[in-house]
Peer 1: 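Structure provided below as structure tokens; questions to follow.
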Amino acid sequence: MRAFGFLSFGHYGGSPAQGGLSARQMLHDAIDISVGADELGVNGAYFRVHHFAQQSASPMPLLSAVAARTQRIEVGTGVIDMRYENPLYFAEEAAALDLIADGRVALGVSRGSPEPAERGWESFGYTGSTDPRGADIAHAKFDAFLRAIQGEPMARAAEQPYGAPVQPGQGLRIEPHSPELIRRIWWGAGSRETAERTGTQGLNMMSSTLLTEATGAAFGDLQAEQIDAYRTAFREAGHAHTPRVSVSRSVFPIVTEQDRMMFGLRSSDGADQIGIIDGHRSTFGKTYTGEPDQLIEQLKGDAAVQEADTLMLTIPSQAGVELNLHILESFAQHVAPALGWVPNTDGPVQGEAVHSA
């Protein structure tokens, strides 16, 4: 682990009079947490994307606001559901965000997670999927998105083109164009097969908060195997650049009596959880809670945390700015340095070099 950031689900809802967050307050809190995290040296501010739910959605306005208010922190998603995206409009937005952020972007995308709506992407106008999970249209859209951000022509100029200095019939790329954006695209992988495909494509990988397998091995060990499969595929495909890999964990350091009251009832020896997601027997990671020395020992024993360059800490975003910054500051001061953390003041996060055989 070289870097850590926070991953916010952006929950809101409930009566504001009883402490519930409005959507407006959630968004403003997200910006304020990001600004405070940037000042603490935290490396990344990442947001989940869900539709038809009282959670973060349509992330580009939020990410643009965070990028404009911060100096060093990486801004991104974990993950954007491609079933709901227009790939060319998404390419325009992503390039604009990358330019606003001066490259401080980590856009995680995937087929999408289980959701409240029944084939909700069809309500957005994206029909034609023959897969009950919509994987077919998600992958087709992602392929178009990748071509678009790499500058491939996605349309042809009219016979009498208006408003642009182009020749009739000339291939037109999506504008704006950010040449290095392709290096800042991540795929959210929940299986070995997906990890291998991500490595072959030369993309960065966000290992999912759940894995669609349950062999009896620890969650961290399963993820470490997935990371190894990804890097092997990346190397065998002959890619020359250095990729990035992230994993996410729930970690609550106990450094004050208030922490003990709030988080101490969580079991520090909690086990991974097994459940059924999309018809697959799946493994979910446990929550880490304890005093700094305990957390350091446990996280050093988490194979995936050690293999990844970036650790995303899932935060209780609905608990407000002050508490979440306290959690991040406690981790930064008392845990992260022992794990190899390099603060954002030392420059952009570096991945693990994958050398050709």
Side-chain angles (χ1 to χ4, degrees), residues 4-16 18-38 40 42-70 73-85 90 93-94 97 100-101 104-117 120-121 123-124 186 188 190 206-210 246-252 262 284-285 287 310-328 331:
F4 84 91
F6 69 84
L7 175 62
S8 171
F9 283 63
H11 292 286
Y12 62 92
S15 169
Q18 297 177 346
L21 289 184
S22 66
R24 176 191 177 279
Q25 189 64 54
M26 179 274 289
L27 291 165
H28 281 269
D29 281 2
I31 296 169
D32 291 342
I33 293 170
S34 301
V35 171
D38 188 38
L40 291 171
V42 175
N43 307 91
Y46 314 104
F47 299 91
R48 290 293 297 265
V49 178
H50 287 103
H51 300 283
F52 297 107
Q54 291 182 323
Q55 299 180 44
S56 292
S58 187
M60 292 307 184
L62 175 58
L63 296 182
S64 296
V66 170
R69 290 276 308 277
T70 57
I73 199 168
E74 185 174 69
V75 300
T77 52
V79 291
I80 292 173
D81 187 332
M82 284 304 302
R83 297 173 296 184
Y84 284 81
E85 296 296 320
F90 180 31
E93 288 187 313
L97 172 64
I100 290 170
R104 295 181 291 122
V105 169
L107 284 180
V109 299
S110 80
R111 183 268 298 175
S113 60
E115 56 171 359
W121 58 91
S123 297
F124 276 50
W186 304 58
M206 288 183 177
S207 189
S208 176
T209 52
L210 62 91
S246 72
V247 296
S248 61
R249 295 289 186 272
S250 295
V251 182
F252 298 97
M262 296 191 68
F284 306 78
T287 295
T310 301
L311 172 62
M312 298 182 180
L313 301 182
T314 56
I315 61 170
S317 56
Q318 65 272 33
V321 176
E322 183 177 353
L323 176 60
N324 281 289
L325 288 179
H326 169 69
I327 293 170
L328 296 175
F331 188 82

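When reading the values below, keep in mind they use all heavy atoms of this one structure, side chains included, and skip hydrogens, waters and symmetry mates. Numbers here simply count residues along the sequence, with the first being 1.
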Peer 1: Backbone N or O of G112 within a donor-acceptor pair of the S110 side chain at under 3.5 Å?
Peer 2: yes
Peer 1: For side-chain contact (heavy atoms from CB on, under 4.5 Å), just list the numbers for D29 and Q318, CA-CA rounded to whole Å, side-chain angles, deciding distance to a tenth of an Å, and then say yes or no.
Peer 2: CA-CA 9 Å; D29 281 2; Q318 65 272 33; over 6 Å; no
Peer 1: Please walk me through it: do S250 and T314 pass side-chain hydrogen bond (donor to acceptor under 3.5 Å, both in side chains)?
Peer 2: CA-CA 5 Å; S250 295; T314 56; 2.5 Å; yes
Peer 1: Using 0.5 Å steps for rounding, measure from the CG atom of D32 to the CG atom of L325.
Peer 2: 8.5 Å
Peer 1: Is there a donor-acceptor pair under 3.5 Å between the side chain of T77 and the backbone N or O of G108?
Peer 2: yes
Peer 1: When you measure from the side chain of R104 to the backbone N and O of A101, does any donor-acceptor pair fall under 3.5 Å?
Peer 2: yes
Peer 1: Check whether D81 reaches the backbone of V49 with its side chain - one donor and one acceptor, N or O, closer than 3.5 Å.
Peer 2: no
Peer 1: Test side-chain contact (heavy atoms from CB on, under 4.5 Å) on L107 and L97 and set out the steps.
Peer 2: CA-CA 10 Å; L107 284 180; L97 172 64; 4.2 Å; yes
Peer 1: Please check if the side chain of D38 supplies one atom and the backbone of S34 the other of a donor-acceptor pair under 3.5 Å.
Peer 2: no
Peer 1: Walk me through whether L311 and V247 qualify under side-chain contact (heavy atoms from CB on, under 4.5 Å).
Peer 2: CA-CA 5 Å; L311 172 62; V247 296; 4.1 Å; yes
Peer 1: Taking the side chain from R83 and the backbone from R111, do they hold a donor-acceptor pair closer than 3.5 Å?
Peer 2: yes
Peer 1: Hey, could you give me the CD/OG distance between Q55 and S8, rounded to the nearest 0.5 Å?
Peer 2: 9.0 Å
Peer 1: Only counting residues at least two apart or in another chain, list the ones meeting side chain to side chain contact (heavy atoms under 4.5 Å, CB included) with S22.
Peer 2: R24, Q25
Peer 1: Is R48 reaching over with its side chain to a backbone N or O of G78, donor-acceptor style, under 3.5 angstrom?
Peer 2: yes
Peer 1: Within this structure, what is the OG-CD distance for the pair S58 and E85, rounded to the nearest 0.5 Å?
Peer 2: 8.0 Å
Peer 1: Roughly how far, to the nearest 0.5 Å, is CE of M26 from CG of L21?
Peer 2: 8.5 Å
Peer 1: Report the distance from atom OH of Y46 to atom CG of L313, rounding to the nearest 0.5 Å.
Peer 2: 10.5 Å
Peer 1: Is the centre of the F331 ring less than 6.0 Å from the centre of the F4 ring?
Peer 2: yes
Peer 1: Quick one: sort the Y84 and H51 rings into parallel, tilted or perpendicular, breaks at 30° and 60°.
Peer 2: parallel
